[in-house]
Amino acid sequence: MDTLLQGLRQAVHLILSLDPEVLEIAGLSLRVSGTALAISVLLGVPLGAVLGLRRFTGWSFLRLMLYTGMGLPPVVVGLFVYILLSRSGPLGALNAALIPRLFTPAAMIVAQTLIIFPIVTGFTMAALLGVDPLLRQQLLSLGATPWQATMTLLVEARAGIAAAVAAGLGRALAEVGAVMMVGGNIAGETRVLTTAIVLETSKGNFDVAIALGLILLAMALVINFVILQLEERFFRPL
């Protein structure tokens with residue numbers, strides 16, 4: 001109990017003192033997780049909508065692969081990305097400017113995107129599957145264009161899509177195995193809140209680790225609050 005209270009006091013101190021190192025680590029966490037989430041939403045929501053609204057050959061197989069991807073162990077993703085981007089790997093050997101290098105924030109973004117993309121896509125698909133299938137036909141019969149009908153269905157499924165974004169964000173912020181493998185936890189370069197927590201715990205600095213954990217939870221709370229506000233204010237049913 002004393003350790004928890006000490007961690008709470010340490011968290012308040014770190015926040016109020018605007019500790020430069022903590023701000024840098026928190027900023028990098030937001031940048032890496034936010035970029036991975038944005039990529040996953042831009043690609044995953046449209047793909048999830050297609051899978052939720054259409055049936056085609058191979059649909060069941062794609063659904064199976066998607067659900068499997070939602071449970072991918074982060075260390076496996078980290079290993080896959082590490083091999084791809086290493087100097088002897090198929091992408092790293094190309095030495096192209098657009099291909100991220102290992103132990104950089106870009107490599108961490110790639111790993112996090114591979115982890116949360118199936119989550120965003122799968123939850124979006126499930127949200128669309130939960131909408132009454134007769135609604136689209138009714139909208140089309142009333143004169144709506146296919147695009148208008150699709151957008152209306154997306155609005156109807158907005159709560160599920162918001163949950164998809166929140167789940168992707170939570171997975172990204174909490175991720176530690178993959179980002180440590182491809183990022184290396186380098187101070188001032190690739191250290192984020194989760195890897196910093198692991199480091200401080202290994203050093204026995206439990207108060208600092210708890211403080212960093214509380215800061216991470218506070219960040220997730222604020223961002224999810226913003227997501228819910230956006231969903232309630234701007235995505236109401238037509």
- Message: Looking at every heavy atom in both Arg171 and Met70, which two are closest together, and how far apart are they?
- Response: NH1-O, 3.6 Å
- In one Ile/Leu/Val/Met/Phe/Trp/Tyr side-chain cluster, 4.5 Å: Leu98, Leu94: no
- Message: How about CZ on Phe103, more than 12 heavy atoms from neighbouring residues, nucleotides or ligands closer than 6.0 Å, or not?
- Response: yes
- Message: Can you tell me how far apart OG1 (Thr121) and CG (Leu43) are? Round to the nearest 0.5 Å.
- Response: 8.0 Å
- Message: Determine whether Thr190 and Met108 satisfy the following criterion, side chain to side chain contact (heavy atoms under 4.5 Å, CB included), listing intermediate values before the conclusion.
- Response: CA-CA 8 Å; Thr190 59; Met108 298 160 68; 3.6 Å; yes
- Roughly how far, to the nearest 0.5 Å, is the CG atom of Leu102 from the CG atom of Leu91? 10.5 Å
- Message: I'd like to know whether Phe80 forms a side chain to side chain contact (heavy atoms under 4.5 Å, CB included) with Leu114, so could you lay out the CA-CA distance, the side-chain angles of the two residues, the decisive distance to 0.1 Å, and finally the verdict.
- Response: CA-CA 10 Å; Phe80 177 72; Leu114 291 177; 4.2 Å; yes
- Message: Using 0.5 Å steps for rounding, measure from the CG atom of Leu72 to the CD1 atom of Ile115.
- Response: 8.0 Å
- Message: Please determine whether side chain to side chain contact (heavy atoms under 4.5 Å, CB included) holds for the pair Met181 and Leu79, giving the CA-CA distance in whole Å, both sets of side-chain angles, and the decisive distance to 0.1 Å.
- Response: CA-CA 7 Å; Met181 290 182 69; Leu79 175 63; 4.0 Å; yes
- Message: Arg136 vs Thr150, test: side chain to side chain donor-acceptor pair (under 3.5 Å). Steps then yes/no.
- Response: CA-CA 8 Å; Arg136 181 179 177 83; Thr150 298; 3.0 Å; yes
- Query: Looking at CD1 of Ile210 and CD1 of Ile215, how far apart are the two atoms once the value is rounded to the nearest 0.5 Å?
  - Reply: 12.5 Å
- Item | Leu139 and Gln148, any side-chain heavy atoms less than 4.5 Å apart | no
- Stepwise, does the side chain to side chain contact (heavy atoms under 4.5 Å, CB included) test hold for Val182 with Leu85? CA-CA 9 Å; Val182 303; Leu85 301 183; 5.9 Å; no
- Side chains of Ser33 and Met219 in contact at under 4.5 Å (non-hydrogen atoms): no
- Could you tell me whether the side chain of Leu30 reaches within less than 4.5 Å of the side chain of Ile223, counting heavy atoms only? yes
- For atom CZ of Arg55, decide whether the heavy atoms of other residues, nucleotides or ligands shown that lie under 6.0 angstrom number more than 12. yes
- Side chains of Gln112 and Val77: closer than 4.5 Å at any heavy-atom pair? no
- Query: Do other residues, nucleotides or ligands put more than 12 heavy atoms under 6.0 Å from the CZ atom of Phe61?
  - Reply: no
- Answer yes or no: is there a donor N or O on one side and an acceptor on the other, between the side chain of Glu175 and the main chain of Gly177, under 3.5 Å? yes
- Query: Quick one: do Leu173 and Val22 end up in the same hydrophobic cluster if we chain Ile, Leu, Val, Met, Phe, Trp and Tyr together by side-chain heavy atoms under 4.5 Å apart?
  - Reply: yes
- Item | Closest contact, heavy atoms only, Leu128 versus Gly52 | CB-CA, 3.9 Å
- Message: When you group the ILVMFWY residues by side-chain heavy-atom contacts below 4.5 Å and let the links chain together, are Phe225 and Leu217 in the same group?
- Response: no
- Item | Spatial distance of atom OG1 (Thr57) from atom CG (Leu62) [nearest 0.5 Å] | 10.5 Å
- Query: Is there side-chain contact between Leu135 and Glu156, with at least one heavy-atom pair below 4.5 Å?
  - Reply: yes
- Query: Would a distance-only check, ignoring hydrogens and angles, find a side-chain to backbone donor-acceptor pair under 3.5 Å from Arg191 to Ile186?
  - Reply: no
- Over all atoms of both residues, closest heavy-atom pair of Thr124 and Ala49: CG2-N, 3.9 Å
- Out of Leu193, Thr195, Val192, which residue meets the side-chain contact (heavy atoms from CB on, under 4.5 Å) rule with Leu28? Val192
- Query: In this structure, are over 12 heavy atoms from other groups packed under 6.0 Å from Leu134 atom CG?
  - Reply: yes
- First locate atom CG of Leu53, then atom CG of Leu153, and finally report the distance between them rounded to the nearest 0.5 Å. 5.5 Å
